Amino acid sequence: EAGVVQSPRYKIIEKKQPVAFWCNPISGHNTLYWYLQNLGQGPELLIRYENEEAVDDSQLPKDRFSAERLKGVDSTLKIQPAELGDSAVYLCASSLGGTSGNNEQFFGPGTRLTVL
Amino acid sequence: GNSVTQMEGPVTLSEEAFLTINCTYTATGYPSLFWYVQYPGEGLQLLLKATKADDKGSNKGFEATYRKETTSFHLEKGSVQVSDSAVYFCALAIRGSQGNLIFGKGTKLSVKP
């Protein structure tokens with residue numbers, strides 16, 4: 001069974017440019033998460049989807065970040081325009097879904113963004 | 001608020017040494033607790049979990065016990081191997097928060113032969 005797929009794995013852009021990350025979750029997983037991981041830190045949730053609905057986007061900086069999961073399967077996270085401080089690893093995770101606090105999340109390898 | 005504090009690394013051990021990585025938490029609700037591992041170049045993987053007080057999670061020789069009285073979930077392994085070299089993250093999820101994970105900062109473990 002394929003795991004969570006993310007692309008690209010690495011991206012280098014200049015500040016003020018737009019950038020997009022793509023994630024394809026494990027087949028059948030209804031819940032999809034995007035996390036931000038700064039160097040030397042643990043991941044922090046940006047947004048969570050239940051199917052195609054963004055049910056928790058309280059930590060997403062909406063002035064420059066946007067996300068979509070139009071058909072409730074794969075998802076795209078966009079930054080426009082990128083700033084130097086956005087350099088980080090962007091992780092995607094998925095889980096079967098539900099309201100249990102111990103619903104296992106499966107993580108992709110991440111996209112490492114460098115903003116110059 | 002909810003938070004996780006884990007010991008800072010890096011931790012360097014010789015092969016077959018005993019490992020402890022401390023993790024304590026603060027939670028407004030009744031959390032489930034997790035240890036995730038991130039091997040070089042790979043994504044985070046769930047290592048073990050515990051969902052209620054006094055539960056012991058275990059996997060691949062690693063163990064952690066959910067201690068409500070000390071709000072701790074320390075990771076232990078009796079004899080580490082070079083292949084255990086990775087970054088280890090302690091995390092919690094509050095029931096009713098739809099499974100949102102709150103992570104510690106991670107502890108890098110290096111095991112020397």
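Just the heavy atoms: all of them, side chains too, but no hydrogens, waters or symmetry mates, feed the values below. Throughout, protein chains are lettered first and strands after them, A, B, ... in sequence-line order, and every chain is numbered starting at 1. These numbers were taken from a predicted model, which means no experiment stands behind them.
- The two residues Y36(B) and Q105(A) have their closest heavy-atom pair at OH-O, 3.5 Å.
- Residues L44(B) and P43(A) form a side-chain contact, since some pair of their non-hydrogen atoms from C-beta on lies under 4.5 Å apart.
- Taking 4.5 Å as the limit, every side-chain heavy atom of F107(A) sits out of range of all side-chain heavy atoms of L46(B).
- Between the CD atom of E44(A) and the CG atom of N100(B) there is a distance of 12.5 Å, given to the nearest 0.5 Å.
- Q38(B) CD to Q37(A) CD: the interatomic distance, rounded to the nearest 0.5 Å, is 5.0 Å.
- Residue E69(B) places its CD atom among more than 12 non-hydrogen atoms of other residues, nucleotides or ligands, all under 6.0 Å distant.
- In Y10(A), the OH atom is not crowded: 12 or fewer heavy atoms of neighbouring residues, nucleotides or ligands sit closer than 6.0 Å.
- Summarising the local packing, CD of Q59(A) is surrounded by 12 or fewer heavy atoms from other residues, nucleotides or ligands at distances under 6.0 Å.
- Around atom CG of L116(A), more than 12 heavy atoms belonging to other residues, nucleotides or ligands sit under 6.0 Å away.
- Applying the 6.0 Å contact sphere to CD of E8(B) captures no more than 12 heavy atoms from other residues, nucleotides or ligands.
- Between G42(A) and F103(B), the shortest heavy-atom contact is CA-CB, 4.1 Å.
- More than 12 heavy atoms of other residues, nucleotides or ligands lie within 6.0 Å of NZ in K62(A), so this atom counts as buried by the packing criterion.
- Looking at R9(A), only its side chain comes within 4.5 Å of chain B, counting heavy atoms on both sides.
- Taking a 6.0 Å sphere around CD of E16(B), one finds it holds 12 or fewer heavy atoms contributed by other residues, nucleotides or ligands.
- Neither the backbone nor the side chain of Q6(B) comes within contact range of chain A; no heavy atoms are under 4.5 Å apart.
- Each of C90(B), A91(B), G43(B), G9(B) has some count of heavy-atom pairs under 4.5 Å with chain A, and the biggest count is that of G43(B).
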